[in-house]
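Here the structure is laid out as structure tokens; the discussion comes afterwards.
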Amino acid sequence: MVEDRITDGKRIGQLLASELTGLDRGPLSTVSVVDADPDVEPVPEGELAYRVTAGETSVGEVRVTPETARLALSTTVQPDIPEYAAVTVEQTESGTVLVAHSGAAVKQLVGVVEQVLERAD
């Protein structure tokens with residue numbers, strides 16, 4: 001059996017955008033991807049690929065590196081990330097950044113976004 005693991009940051013970001021806009025349940029039903037740059041080129045420090053909103057509220061922005069998609073949250077709500085998660089959390093001066101290192105992490109990252117939106121209500 002061949003395992004294809006998506007580790008290209010741009011592709012991970014594209015998968016995340018598709019998942020966020022394709023789900024129509026609970027708080028995710030109001031999520032949109034805005035200001036998307038389809039020609040974004042990943043750079044080590046992260047290049048802005050798109051912003052994520054829920055209705056009129058900013059959720060965050062997604063930046064892509066050669067190996068990751070990084071969602072910098074616009075909220076102070078702290079998500080609970082299970083220890084087994086493929087998503088890692090970084091605390092920066094500007095806030096919380098959720099990092100997806102593979103395509104497999106996208107589903108978990110969407111779950112975290114859903115959790116953040118539920119807690120923000």
Side-chain angles (χ1 to χ4, degrees):
M1 181 172 149
V2 175
E3 282 189 39
D4 288 332
R5 184 169 181 214
I6 297 171
T7 57
D8 173 86
K10 182 176 179 177
R11 183 69 184 122
I12 296 167
Q14 291 169 337
L15 289 171
L16 177 58
S18 293
E19 284 290 317
L20 287 172
T21 58
L23 295 173
D24 193 21
R25 68 172 192 248
L28 294 174
S29 63
T30 64
V31 169
S32 296
V33 168
V34 296
D35 302 327
D37 179 0
D39 298 319
V40 67
E41 289 298 323
V43 295
E45 59 276 2
E47 187 67 31
L48 180 63
Y50 52 88
R51 299 181 198 292
V52 179
T53 62
E56 298 295 318
T57 304
S58 174
V59 175
E61 63 182 31
V62 173
R63 294 183 172 273
V64 293
T65 71
E67 300 87 19
T68 66
R70 304 169 57 83
L71 172 61
L73 295 175
S74 299
T75 178
T76 58
V77 174
Q78 292 298 310
D80 295 323
I81 309 292
E83 288 183 31
Y84 61 84
V87 174
T88 58
V89 179
E90 295 178 4
Q91 296 299 330
T92 67
E93 289 181 14
S94 57
T96 302
V97 178
L98 306 172
V99 184
H101 297 270
S102 70
V106 167
K107 293 264 186 206
Q108 291 177 347
L109 187 52
V110 169
V112 172
V113 170
E114 185 173 25
Q115 179 190 122
V116 166
L117 291 172
E118 286 171 345
R119 289 182 177 180
D121 289 338

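This is a predicted model, so every value here is computed, not measured. Just the heavy atoms: all of them, side chains too, but no hydrogens, waters or symmetry mates, feed the values below. Note that the numbering runs from 1 along the sequence shown for the chain.
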Could you state the interatomic distance from OH (Y50) to OG1 (T21), rounded to the nearest 0.5 Å?
8.5 Å
Validation row: T75, V59 side chains within 4.5 angstrom (heavy atoms):
no
Taking the side chain as every heavy atom from C-beta outward, state whether D24 and S29 have any atom pair closer than 4.5 Å.
yes
Determine whether V97 and V116 fall in the same hydrophobic cluster, where Ile, Leu, Val, Met, Phe, Trp and Tyr are linked whenever their side-chain heavy atoms lie under 4.5 Å apart.
no
Grab the two heavy atoms, one from L109 and one from L16, that are nearest each other, plus how far apart they are.
CD2-CD2, 3.6 Å
Close side-chain approach of L98 and V89, heavy atoms under 4.5 Å:
yes
Kindly indicate, with the supporting measurements, whether the criterion side chain to side chain contact (heavy atoms under 4.5 Å, CB included) is fulfilled by V52 and V31.
CA-CA 7 Å; V52 179; V31 169; 3.8 Å; yes
Using a 4.5 Å cut-off on heavy atoms from C-beta on, say whether the side chain of V99 contacts that of R70.
yes
Any Lys/Arg nitrogen of R25 or E114 sitting under 4.0 Å from an Asp/Glu carboxylate oxygen of the other?
yes
Counting C-beta onward and ignoring hydrogens, is there a side-chain heavy-atom pair between K107 and E19 closer than 4.5 Å?
yes
I need the minimum non-hydrogen distance between P66 and P44, along with the two atoms involved.
CD-N, 3.8 Å
Please give me the minimum heavy-atom distance between L117 and A54, naming the atom from each residue.
CD2-CB, 3.7 Å
Assess the residue pair D80 and R119 against the criterion (side chain to side chain contact (heavy atoms under 4.5 Å, CB included)); give the C-alpha distance rounded to whole Å, side-chain angles, the decisive distance to 0.1 Å, and a yes or no.
CA-CA 11 Å; D80 295 323; R119 289 182 177 180; 2.3 Å; yes
Value rounded to 0.5 Å, distance of CG in D37 from CD in E47
7.5 Å
Report yes if some heavy atom in the side chain of E61 is under 4.5 Å from a heavy atom in the side chain of L71; otherwise report no.
no
How close do A69 and V62 get, heavy atom to heavy atom, and via which atoms?
CB-CG1, 4.4 Å
Over all atoms of both residues, closest heavy-atom pair of K10 and P42
CB-CG, 3.8 Å
Go through E45 and T65 one step at a time and tell me if the side-chain hydrogen bond (donor to acceptor under 3.5 Å, both in side chains) criterion holds.
CA-CA 7 Å; E45 59 276 2; T65 71; over 6 Å; no
I need the minimum non-hydrogen distance between V64 and A49, along with the two atoms involved.
CG1-CB, 4.2 Å
Side chains of V40 and L48, heavy atoms from C-beta outward: is any pair under 4.5 Å?
no
